[in-house]
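Have a look at the structure below before the remarks.
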Amino acid sequence: MNAHDSEKVIGTLEQQGYARVEDEAEAGLILYNTCSIRDKAEQKVFHRLNEYKRLQGEGKKFAVLGCVAQQEGERIFEKAPYVSMVAGSASYRNLPEMLRRLEAGEQRITGLDDRQTDLTFETEFTARSNPHRGYITIIEGCDKFCAYCVVPYTRGKERSRTSASVLVEARKMVDVGFTEIQFLGQNVNSWRDPSGRMSFAELLVAVGELSGIRRVRFTTSHPRDFTRDIVEAIDATPTLCDHVHLPVQSGSSAVLKAMAREYTREWYLERMSWIKAATRDISITSDMIVGFPGETDADFEQTITLVGEVKYDAVFAFKFSPRPNTPAVTMADSIPDSVKSERLRILMDRQREIQREHYGRHLGQVQECMVESYNRSRGQVVGRSSQNKTVNFTTARIAQTPPPVGSYVPVRITQTLPNCLVGEAIADSAEGAAFVPVARVPQFVVLN
Ligand code: SAH
Ligand code: SF4
């Protein structure tokens with residue numbers, strides 16, 4: 001989501017006549033887009049800002065964007081007086097006006113009061129960095145207020161975009177050559193059509209049925225709002241990718257209660273059983289937090305047994321990190337960092353074992369892969385499966401005419417590793433089946 005926010009900022013700046021450069025040394029304006037979900041994000045931001053300032057010298061202008069900007073607000077001007085602009089993500093639609101004030105030499109420009117606006121979705125200038133896979137934010141903010149999480153404070157209340165506006169944008173993207181669309185939202189499946197026309201599952205199907213679309217993804221889903229019709233939609237619509245990212249956070253109902261997740265282990269496992277009952281092999285991944293205040297050894301053991309029961313294809317696990325303004329900061333029974341680290345290690349070791357075994361189910365399968373890049377030293381093409389797994393594959397053509405980035409190639413899986421699959425392109429067979437070429441988007445650059 002943070003990367004997609006940057007795409008919106010880049011597009012707006014280009015539209016305003018700015019040229020993007022790769023190296024800070026050449027830039028007159030340095031915009032620093034920040035995330036504050038974990039760790040000591042704010043400290044890191046000031047540390048890096050000071051480094052930029054030291055290395056970049058006088059004459060450059062600095063702006064801080066994103067969640068740290070929203071969280072720290074005008075304090076940023078006090079701590080880093082050379083910063084001229086501080087703006088949260090809901091203010092990016094006001095960037096043209098803010099840039100004009102910056103050019104006029106104004107010093108302390110802020111865009112911090114827009115968190116509640118419904119006008120966040122103006123993305124006509126979005127500079128999508130990948131011409132094949134495009135992101136669409138369909139819902140912004142969050143109203144769930146989990147005890148540990150800063151998002152409701154930095155991104156504001158939940159607001160959804162209408163189905164009509166999402167479908168218009170998706171259609172436009174497909175028309176210029178995008179074949180994969182990924183819906184984004186802090187809780188993407190909490191999306192409610194403000195016009196009341198469609199459910200989330202119906203929106204998925206509607207985009208999946210656009211002619212020219214090949215893959216539809218969505219992230220992140222929240223268990224509370226995960227309904228059975230989402231599974232049915234995936235089962236019935238081949239263009240909907242067979243992958244659901246459904247963060248559980250903990251396997252212990254007591255910890256889930258303390259986290260204010262508003263579901264139990266059993267509730268979550270029921271959703272897992274729906275996914276597993278599907279005809280398609282739907283890959284399941286999750287986020288987990290270890291060392292939440294008060295988490296006992298027995299609670300943690302519940303997380304370990306849950307991982308074994310569900311058999312995730314990937315787990316993103318984090319040590320609990322106290323975040324400003326959240327209820328968890330003041331909770332008793334904080335867990336020492338050494339215990340958090342040990343639990344993280346045990347969890348990741350267990351997950352690695354599971355992945356090693358569970359990925360084995362793909363051996364011998366043919367999977368369609370979207371080409372992402374090449375590993376020329378190993379003579380491999382790097383692709384991504386519908387389940388969002390990395391597939392490194394060989395093709396007889398790699399030396400002469402490798403399949404282009406963004407094309408889709410059927411690959412037979414010949415080896416499975418804990419974190420990726422290895423295979424051979426079957427389009428290299430004697431019949432010489434063609435790679436599926438994908439229209440390229442015209443490239444442009446704006447120069448001043
Ligand atoms: N809305 C999604 C999660 C978005 S935040 C959901 O509710 O599932 C992405 C992930 O960051 C979370 O799933 C959680 O695992 C992690 N996270 C958020 N706040 C955290 C904190 N204070 N400490 C550690 N991990 C955190
Ligand atoms: Fe944060 Fe997700 Fe909870 Fe919202 S639902 S408060 S984004 S963890």
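Small disclaimer: the values here were computed from a predicted structure and weren't measured. Read the numbers this way: they start at 1 and go in the same order the structure lists the ligands and their atoms.
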In terms of heavy-atom contacts, does [atom1] of [X] have more than 12 from other residues, nucleotides or ligands at under 6.0 Å?
{"X": "Lys276", "atom1": "NZ", "value": "yes"}
{"X": "Glu74", "atom1": "CD", "value": "no"}
{"X": "Arg361", "atom1": "CZ", "value": "yes"}

Is any N or O atom of Tyr148, backbone or side chain, closer than 3.5 Å to an N or O atom of ligand 1?
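Yes, Tyr148 has an N/O under 3.5 Å of an N/O on ligand 1.
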
Tell me the protein heavy atom at minimum distance from [atom], and give that distance in Å.
{"atom": "atom 14 (C) of ligand 1", "result": "Gln249 OE1, 3.4 Å"}
{"atom": "atom 22 (N) of ligand 1", "result": "Ser321 O, 2.8 Å"}
{"atom": "atom 17 (N) of ligand 1", "result": "Arg38 NH1, 3.8 Å"}

Can you count the protein N, O or S atoms that lie less than 2.8 Å from atom 3 (Fe) of ligand 2?
1

List ligand 1 atoms under 4.0 Å from [X], heavy atoms only on the residue side.
{"X": "His222", "value": "7 (O)"}
{"X": "Gln186", "value": "1 (N), 2 (C)"}
{"X": "Lys319", "value": "23 (N), 24 (C)"}
{"X": "Asp287", "value": "9 (C), 10 (C), 12 (C), 13 (O), 15 (O)"}

Under 3.5 Å, is there a donor-acceptor pair between the Arg38 and Tyr148 side chains?
no

Point-to-point distance, once rounded to the nearest 0.5 Å, from [atom1] of [X] to [atom2] of [Y]:
{"X": "Leu269", "Y": "Leu306", "atom1": "CG", "atom2": "CG", "answer": "5.5 Å"}
{"X": "Ile139", "Y": "Asp225", "atom1": "CD1", "atom2": "CG", "answer": "8.0 Å"}
{"X": "Ser386", "Y": "Ile282", "atom1": "OG", "atom2": "CD1", "answer": "9.5 Å"}

NZ/NE/NH1/NH2 to OD/OE distance under 4.0 Å, Arg323 and Glu42:
yes

For atom 5 (S) of ligand 1, which candidate among Val150, Asp225, Ile37, Thr219 provides the closest heavy atom?
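Nearest heavy atom to atom 5 (S) of ligand 1 lies in Ile37.
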
Closest to atom 8 (O) of ligand 1 by heavy-atom distance, out of Pro247, Cys35, Ser36, is Pro247

Glu7 vs Ser129, test: side chain to side chain donor-acceptor pair (under 3.5 Å). Steps then yes/no.
CA-CA 7 Å; Glu7 293 184 338; Ser129 54; 2.8 Å; yes

What are the two closest non-hydrogen atoms of Val248 and Tyr263, and how far apart are they?
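In this case the closest contact between Val248 and Tyr263 is O-OH, 2.7 Å.
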
Where on Arg261 is there a heavy atom closer than 4.0 Å to ligand 1, on the side chain, on the backbone, on both, or on neither?
side chain

Before giving the answer on side chain to side chain donor-acceptor pair (under 3.5 Å), spell out for Thr34 and Arg48 the whole-Å C-alpha distance, their side-chain angles and the decisive distance to 0.1 Å.
CA-CA 11 Å; Thr34 60; Arg48 272 188 76 185; over 6 Å; no

